[in-house]
Protein chains: 2
Amino acid sequence: MYSAGMSMSTSERLIEATRELLWERGYVGTSPKAVQQAAGAGQGSMYHHFAGKPDLALAAIRRTAEEMGAAAEALLGGEGSAYDRIEAYLLHERDVLRGCPVGRLTMDPEVIARPELRAPVEEVLGRLRARLAAVVQEGLDEGELNCPLDPAEIAATVVATLQGGYVLARATDSRAPFDSAVRGLLALLAPRAAQG
Amino acid sequence: MYSAGMSMSTSERLIEATRELLWERGYVGTSPKAVQQAAGAGQGSMYHHFAGKPDLALAAIRRTAEEMGAAAEALLGGEGSAYDRIEAYLLHERDVLRGCPVGRLTMDPEVIARPELRAPVEEVLGRLRARLAAVVQEGLDEGELNCPLDPAEIAATVVATLQGGYVLARATDSRAPFDSAVRGLLALLAPRAAQG
DNA sequence: GTCTATACCTTGATAGAC
DNA sequence: GTCTATCAAGGTATAGAC
């Protein structure tokens with residue numbers, strides 16, 4: 001992690017530019033040339049620091065996955081009841097119309113075809129589901145959530161609602177359906193005691 | 001719609017090949033050359049029938065969206081209670097690891113950038129949400145679903161769970177998390193009377 | 001470490017013969 | 001309607017000078 005004032009090395013600039021382009025255009029849609037231009041680096045410079053497009057993408061994907069994992073842990077490991085933490089995670093501010101920088105990679109055929117590129121995506125989404133399942137289990141133990149629920153299933157539903165919410169938002173060019181999907185999920189999860 | 005035994009015209013073969021490639025590789029990852037080879041057509045032949053790549057993609061996307069809309073209507077307009085129809089829709093057989101041929105287009109920057117290509121995607125997903133909302137409303141009217149639910153929100157949650165389920169499945173190269181997400185949602189939706 | 005030059009392939013499309 | 005050139009541009013990388 002670089003402090004705000006510190007200027008980035010060429011290698012850092014290449015990784016950051018790649019992260020932006022992967023988010024915006026995916027792996028297939030991102031060319032080394034575009035990365036070099038965005039990073040202000042020459043062709044030879046990029047190939048000096050990285051073996052090629054897949055190698056650079058791997059560095060970028062790993063960093064993006066790491067950031068996503070840390071952000072999730074910060075919210076799900078915070079204070080409050082199980083429901084409160086899940087709500088905090090669902091309502092966390094997101095650049096909805098850009099989609100999820102990790103989840104969008106699953107629609108990229110080249111990422112899915114290369115196990116080393118898919119691995120960080122699988123790992124961070126798996127960790128997220130496990131963390132959410134633990135929170136749901138807490139909620140069940142405390143009697144806060146209704147009982148006949150499988151924590152792993154609810155965790156998958158929560159992550160899927162977010163990932164699918166991005167799809168609906170981008171389809172409509174509006175974040176409204178993302179917010180609707182989240183509110184619908186929260187209504188279904190809401191502790192019965194709190195309901196009218 | 002062509003009957004099984006009828007051989008397809010070149011134009012039809014181009015559209016069908018494009019549909020497959022858009023599903024597999026997206027718009028950015030699909031080249032006219034790949035389409036021509038898959039369709040067994042020459043370059044000139046493709047440009048005779050279609051103005052170019054966007055025009056051909058539009059024909060393919062429209063047809064895919066139409067099929068998806070018809071399949072959803074067949075399930076949601078069928079027999080049974082509101083919950084039964086939603087369950088039937090969620091459990092409908094799908095080629096999960098391939099993802100949704102419509103939803104995956106929302107991660108394609110060129111599709112989102114071209115209003116004419118995004119329009120059929122927005123339209124069919126909007127129609128699906130509206131149809132689901134109507135079914136949820138029926139369930140509320142019948143007292144079958146729990147009351148403080150907003151039909152439009154639940155509809156968004158249902159569609160998002162499916163779309164996000166594809167993301168989880170492709171991330172893990174396994175349909176298991178898709179099925180988990182769906183089961184979790186069904187557990188949350190389940191009429192209270194039916195629960196232990 | 002960075003640069004320019006070079007190479008070979010693919011992309012997306014047009015032209016004109018048949 | 002279909003075919004075979006042909007084309008300018010971009011994609012992905014290597015070579016070698018500085």
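Quick caveat: nothing in here was measured; it's all calculated off a predicted structure. Protein chains get the first letters and strands the later ones, always in sequence-line order, with residue 1 at the start of each.
Proximity of a side-chain donor or acceptor of Thr157(A) to a complementary backbone N or O of Leu185(B) within less than 3.5 Å is detected. At distances below 3.5 Å, not a single donor-acceptor pair connects side-chain atoms of Arg62(A) with backbone N or O atoms of Pro120(A). Arg104(A) contributes a side-chain N or O that, together with a main-chain N or O of Trp23(A), makes up a donor-acceptor pair within less than 3.5 Å. Although no hydrogens or angles enter the test, the distance criterion places a donor-acceptor pair under 3.5 Å between the side chain of Arg118(B) and the main chain of Ala171(A). Judged by distance alone, the side chain of Ser180(A) and the main-chain N or O of Glu153(B) form no donor-acceptor pair under 3.5 Å. Between the side chain of Thr18(B) and the backbone N or O of Ala60(B) there is no donor-acceptor pair closer than 3.5 Å. Listed for the Asp84(A) side chain is no donor-acceptor partner under 3.5 Å among the backbone atoms of Glu79(A).
Residues of residues 16-28 of chain B that place a heavy atom closer than 4.0 Å to DNA chain D do not occur. The stretch residues 30-37 of chain B touches DNA chain C through Thr30(B), Ser31(B), Pro32(B), Lys33(B), each having a heavy atom under 4.0 angstrom from the strand.
In this structure, Glu73(A) places its CD atom where more than 12 heavy-atom neighbours from other residues, nucleotides or ligands lie under 6.0 Å away. Atom CD of Glu116(B) sits in a crowded spot, with more than 12 heavy atoms from other residues, nucleotides or ligands closer than 6.0 Å.
Residue His48(B) places at least one side-chain N or O closer than 4.0 Å to OP1 or OP2 of dG1(D). When the side-chain nitrogen and oxygen atoms of Thr10(B) are compared with OP1 and OP2 of dT2(D), one or more of them lie within a distance under 4.0 Å.
When distances are taken from the side chain of His49(B) to each of dT12(D), dT2(D), dT2(C), the shortest belongs to dT2(D).
Distance CG (Leu14(A)) to C1' (dT2(C)): 12 Å, rounded to an integer number of Å. The CZ atom of Phe50(A) sits 16 Å away from the C1' atom of dA13(D) (whole-angstrom rounding). For Lys53(B) and dT14(C), the NZ to C1' distance is 18 Å, given to the nearest whole Å. Between the OH atom of Tyr47(B) and the P atom of dA15(C) there is a distance of 13 Å, given to the nearest Å. The distance from atom CG of Asp55(A) to atom P of dT14(D) is 12 Å, rounded to the nearest whole Å. Taking atom CG of residue Leu56(A) and atom C1' of nucleotide dT12(D), one finds them 13 Å apart after rounding to whole Å.
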Hey, what are the protein-to-nucleotides 3-6 of chain C N/O distances that come in under 3.5 Å?
from, atom 1, to, atom 2, distance (Å)
dC3(C), OP2, Gly42(A), N, 3.0

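Mapped onto DNA chain D by nearest heavy atom, Ala51(A) and Gly29(A) fall at different nucleotides, with Gly29(A) at the one closer to the 5' end.
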Given the rule in the salt bridge (Lys or Arg N to Asp or Glu O under 4.0 Å) test, do Glu123(A) and Arg127(A) qualify, once you have shown the distances and angles that lead to the verdict?
CA-CA 6 Å; Glu123(A) 195 274 333; Arg127(A) 199 145 44 85; 2.8 Å; yes

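Inter-residue side-chain proximity for Thr172(A) and Leu125(B) is flagged as unmet; no heavy-atom pair is nearer than 4.5 Å.
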